[in-house]
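Below is one structure, written out as structure tokens; the observations come after it.
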Amino acid sequence: MEFITTEYYLLLSGILFTIGIIGVLTRKNAIIIFMSIELMLNAVNLSLISFASSMNDAAGQVLLFFVMAVAAAEASVGLAIILAVFRKKGTISIDNINMLKK
Amino acid sequence: MGITSILFIILAILAIISALITVFNKQPIKSAIALIFHFFMLAGIYLTLAAQFLAVMQILVYAGAIMVLVIFVIMLLNQNDEELHEQNKQIKRKLFSVVLSGIFLFLMVMFIIGGKQSNLYDGQISSNIGTVQTLAKELYSNFLVPVEITGILLLATIVGAVLMAKKRLN
């Protein structure tokens with residue numbers, strides 16, 4: 001019997017998710033916020049896989065494909081939006097992006 | 001303590017460190033490199049959970065495709081130095097967010113530790129749930145409709161990305 005159980009995987013997933021949240025809340029650079037969102041997505045992926053292993057069911061692993069597809073879609077559209085905003089405003093600091101406020 | 005446990009501990013520590021570097025580094029390109037390292041460590045952790053195919057997919061999709069996109073955008077943007085050095089004036093706000101995430105982490109840890117432990121994995125995995133055969137059978141029988149919907153999502157993404165990245169939006 002191994003020492004590491006599912007709880008440790010879930011704890012790791014929770015820690016990584018929290019690091020991602022801190023990144024989204026504290027950073028100002030849009031690209032770094034974007035990468036923090038990727039971190040959070042991967043933390044959720046980790047918990048899905050650990051549940052799939054603990055239940056001995058492949059459905060949890062299949063869900064990961066959809067998460068990956070959504071992450072890829074989010075990456076392409078999000079980065080295109082960042083590029084468009086940079087072309088218009090000349091900055092990607094989220095403090096200066098307040099076009100909807102005006 | 002088996003080899004899987006030792007591997008998990010090493011990979012988990014490296015993953016947490018690289019995640020912290022990703023979040024707290026000043027320069028986006030260094031964060032991106034740390035994030036690629038993080039994805040490789042996560043792929044190793046997936047291997048300890050007997051998800052072989054997904055470990056490969058993790059490296060191909062995340063460390064390959066998505067991070068190449070991110071690094072290309074970082075290089076295209078050509079940010080100047082004063083933008084990279086963010087002002088540290090809003091300490092109150094940062095403290096608030098760190099405390100908030102700390103509470104969140106605390107709640108999550110309490111749920112994980114205090115949860116029912118009946119059905120949890122005790123180190124014995126049947127190693128065939130992560131193979132291509134099992135996943136494909138599951139994907140194209142029980143999850144067929146979501147696969148089709150994902151196809152539509154990717155089509156919409158292609159159109160959206162091209163439209164967004166075009167020079168003029170008329």
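Letters A, B, ... mirror the listed sequences (proteins, then strands); counts begin at 1.
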Of A:Asn29, A:Ile31, A:Leu79, A:Ile32, which meets side chain to side chain contact (heavy atoms under 4.5 Å, CB included) against B:Ile74? A:Ile31
Out of B:Leu163, B:Thr157, B:Ile158, which one pairs with A:Val77 under the side chain to side chain contact (heavy atoms under 4.5 Å, CB included) rule? B:Thr157
Determine whether the side chains of B:Thr48 and A:Tyr9 contain a donor N or O and an acceptor N or O closer than 3.5 Å. yes
Heavy-atom distances under 4.5 Å only: say whether B:Tyr62 touches chain A with side chain, backbone, both or neither. side chain
Interface residue of largest heavy-atom contact number with chain A, from B:Ala15, B:Ser31, B:Gly160, under 4.5 Å: B:Ser31
Region of B:Val162 in contact with chain A, defined by heavy-atom distances below 4.5 Å: neither
Looking only at A:Val70, A:Asn45, A:Asp57, the option with the highest number of non-hydrogen pairs under 4.5 Å against chain B is A:Asn45
For a 4.5 angstrom cut-off between non-hydrogen side-chain atoms, does A:Leu83 reach B:Leu77? yes
Using a 4.5 angstrom heavy-atom cutoff, name the option from A:Ile33, A:Asn96, A:Asn42 with the most pairs to chain B. A:Asn42
In the structure I gave you, are the side-chain heavy atoms of B:Phe143 and A:Phe65 within less than 4.5 Å of one another anywhere? no
Go through it in stages, so that I can follow the logic: the residues are A:Glu38 and B:Val70, the test is side chain to side chain contact (heavy atoms under 4.5 Å, CB included), and I'd like the CA-CA distance, side-chain angles, deciding distance and then a yes or no. CA-CA 11 Å; A:Glu38 296 289 330; B:Val70 170; 6.0 Å; no
May I ask you to decide if B:Leu49's main-chain N or O and A:Ser53's side chain share a donor-acceptor pair within less than 3.5 Å? yes
Return the option, out of B:Arg93, B:Lys137, B:Met67, with the maximum number of heavy-atom pairs under 4.5 Å with chain A. B:Arg93
Where does B:Ala32 contact chain A at under 4.5 Å (heavy atoms): side chain, backbone, both or neither? both
So with a 6.0 Å cut-off around NZ of A:Lys89, is the heavy-atom count from everything else above 12? yes
Answer whether the closest heavy-atom distance between the side chains of B:Phe8 and A:Leu12 falls below 4.5 Å. yes
Do B:Met57 and A:Leu64 come close enough that some side-chain heavy atom pair is under 4.5 Å? no
Okay, A:Val24 and chain B: the region with an atom under 4.5 Å from a heavy atom over there is neither
